[in-house]
Amino acid sequence: MAQLYLQSDIEEIARGIEDIRDKLEGRTILFSGGGGFLGRYFSLVIDHLNRSALATPCKLIMLDNLITATAENDGQAGTEGVSFMEHDIIEPLTVDERLDYVVHAAGIASPYYYRAYPLKTLDVGITGTRNMLEIARENGARFMFFSSSEIYGDPEPQHVPTQESYMGRVSCQGPRACYDESKRVGETLCSIYHAMHGLSTNIVRPFNVYGPGMKENDYRVLSNFGSRIKGGRPLKVYGDGRQTRTFCYVTDAMIGFMRLMILGVPGETYNIGNPEPEVSMLELVQHVEAVVDRDMETHLIEYPDSYPGGEPTRRCPDIRKARIHLGYEPQVPLRAGLKRFFDWAMDIYTGNP
Ligand SMILES: NC(=O)c1ccc[n+]([C@@H]2O[C@H](COP(=O)([O-])OP(=O)(O)OC[C@H]3O[C@@H](n4cnc5c(N)ncnc54)[C@H](O)[C@@H]3O)[C@@H](O)[C@H]2O)c1
């Protein structure tokens, strides 16, 4: 069976944290959302480091209630130092191990799914974050919360690229509110635990991460394009196609996340993404066509009921803070990342999710 990831990507991520990997020697990490797209990469990188570089292995305890994870994503079978626990983090949890890091990445991240599960989306960002913060507090562990670039809402043009200090222009009632507001309250909780309990918290706001391992039925734009190309079906672009995004290949994003987990300045929030290039959805189609070497029939369509409208017009990160504090610098150009992703997707997607 084809792999759900590229081994060369895992090695690339490991090289990107070579200078700080000793900070993981003998450490224990609790990670919520371990069955998801990014959770899988964390487990593969820790497994790789345990086999190749660390004298005392790092332990990674993964939690997931599998609400959006697929079966093949759960057990992470055979990974060195990685264990998996099925648990809904809305419920409190006691962990017997002494923890050094708590990473809270559980969430209902895909617009299609948060439209389907709005209350669970709120709960995991609010009650789930509180429960994970409590565990970190009991252990005096460093805490990292996966927020989202969505908390910026629809910034005015003068705030694009968007800095961490931008406060956001977000609807508290719109079709995306359950996700955006849950992440915003999650951030508030982190800042309270930092101020009240002196907990070492960091917040990361990822900007559209993509790569091998994205589920075909995830309904995010690139997995959607991958599936439709494989199935020989026209591409569908919502709205007028002029909304812009930036795309960060998963190796760059993972290096940023891991550097942040280890080096983040306590109490600070960081954008992680690739600011170049900022492309409209119609320009993205052109890049994809070049990469798959095919002209695709493309339809502009109204937002379907299953997908939340009210999309931000532009989305592009200012990453100067991550550059300075973390030594973060994305390396994979858009075309090169798309090539890695679509080569993989054409191999593994069915075209009929
Ligand atoms: N991938 C991106 O581009 C991106 C961008 C912005 C923010 N994020 C955030 O980063 C985090 C990880 O992203 P991802 O792409 O791996 O998402 P993902 O959807 O692939 O994984 C999230 C995992 O959380 C699990 N989960 C949801 N509710 C849970 C609960 N109550 N208890 C336990 N597990 C639960 C799901 O089953 C899923 O496996 C998410 O919180 C997401 O909101 C990701």
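Atoms within each ligand, like the ligands themselves, are counted from 1 in listed order.
Atoms of ligand 1 found under 4.0 Å from any heavy atom of L66, numbered from 1 in the order shown, are 37 (O). The ligand atoms of ligand 1 that sit less than 4.0 angstrom from a heavy atom of S147 are 7 (C), 8 (N), 9 (C). Taking every heavy atom of D88 and a limit of under 4.0 angstrom, the matching atoms of ligand 1 come to 30 (C), 31 (N), 32 (N). Taking a cut-off of under 4.0 Å to the non-hydrogen atoms of G35, the atoms of ligand 1 that pass are 39 (O). Of all atoms in ligand 1, listed by their number and element, those nearer than 4.0 Å to a heavy atom of Y179 are 7 (C), 8 (N), 42 (C), 43 (O). Per-residue contacts place P206 under 4.0 angstrom from the following atoms of ligand 1 (heavy atoms of the residue considered): 5 (C), 6 (C), 7 (C), 8 (N). Taking every non-hydrogen atom of A106 and a distance limit under 4.0 Å, the qualifying atoms of ligand 1 come out as 24 (O), 26 (N), 34 (N), 35 (C), 41 (O). Close approach to A69 involves these atoms of ligand 1, each under 4.0 Å from a residue heavy atom: 37 (O), 39 (O).
Under a 4.0 Å N-O distance rule, the pair E311/R245 qualifies as a salt bridge. Under a 4.0 Å N-O distance rule, the pair R340/D9 qualifies as a salt bridge. The pair D180-R184 does not meet the salt-bridge criterion, since no charged nitrogen lies less than 4.0 angstrom from a carboxylate oxygen. Classification of E134 and R137 as a salt-bridged pair holds, one side-chain N sitting under 4.0 Å from a carboxylate O. Salt bridge annotation for R176-E150: present, with a cationic side-chain nitrogen under 4.0 angstrom from a carboxylate oxygen. Taking 4.0 Å as the cut-off between side-chain N and carboxylate O, R323 and E329 count as a salt-bridged pair. Under 4.0 Å is where a charged nitrogen must lie from a carboxylate oxygen, and between E278 and R314 at least one such pair does.
Between F257 and F146, the distance from one ring center to the other falls under 6.0 angstrom.
Heavy atoms of A253 found under 4.0 angstrom from ligand 1: none, in either backbone or side chain. Contact annotation for K183 and ligand 1: only side-chain heavy atoms (C-beta onward) come within less than 4.0 Å of the ligand. Using a 4.0 Å cut-off between heavy atoms, N208 contacts ligand 1 through its backbone alone, with no side-chain atom that close. Contact annotation for D218 and ligand 1: no heavy atom of the residue comes within less than 4.0 Å of the ligand. When heavy-atom distances to ligand 1 are checked against a 4.0 Å cut-off, H87 comes that close only through its backbone atoms N, CA, C and O. With a heavy-atom cut-off of 4.0 Å, V209 touches ligand 1 through backbone and side chain alike.
No N or O atom of S149 sits closer than 3.5 Å to an N or O atom of ligand 1. For ligand 1, the polar-atom distance check finds an N/O of L38 within less than 3.5 Å of one of the ligand's N/O atoms. Below 3.5 Å of separation, one finds an N or O of I89 facing an N or O of ligand 1. Residue-to-ligand polar distances place F37 within reach of ligand 1: an N/O pair is separated by less than 3.5 Å. Inclusion of N65 in the set of residues having an N or O under 3.5 Å from an N or O of ligand 1 is warranted.
Distances from ligand 1 to the non-hydrogen atoms of F207 include no value under 4.0 Å. The shortest separation from a heavy atom of A105 to ligand 1 is under 4.0 Å, placing the residue in contact. Put simply, part of I67 is less than 4.0 Å from ligand 1, judged by heavy atoms. Using a non-hydrogen distance threshold of 4.0 Å, K120 does not register as a contact of ligand 1.
For the 3.5 Å distance criterion, the side chains of R220 and Y210 fail to qualify, holding no donor opposite an acceptor. For the residue pair E187 / S147, a side-chain donor-acceptor distance below 3.5 Å is found, with atom types taken as modelled.
The shortest heavy-atom contact between R335 and H287 is NE-ND1, 2.9 Å.
Between F37 and Y41, the two ring planes are perpendicular [angle over 60°; tilted spans 30° to 60°]. Under the 30°/60° scheme for interplanar angles, the aromatic rings of Y303 and Y238 are found to be tilted.
In this structure, K230 fails the cation-pi test against Y349, since its NZ or CZ atom is not both closer than 6.0 Å to the six-membered ring centre and inside 45 degrees of the ring normal.
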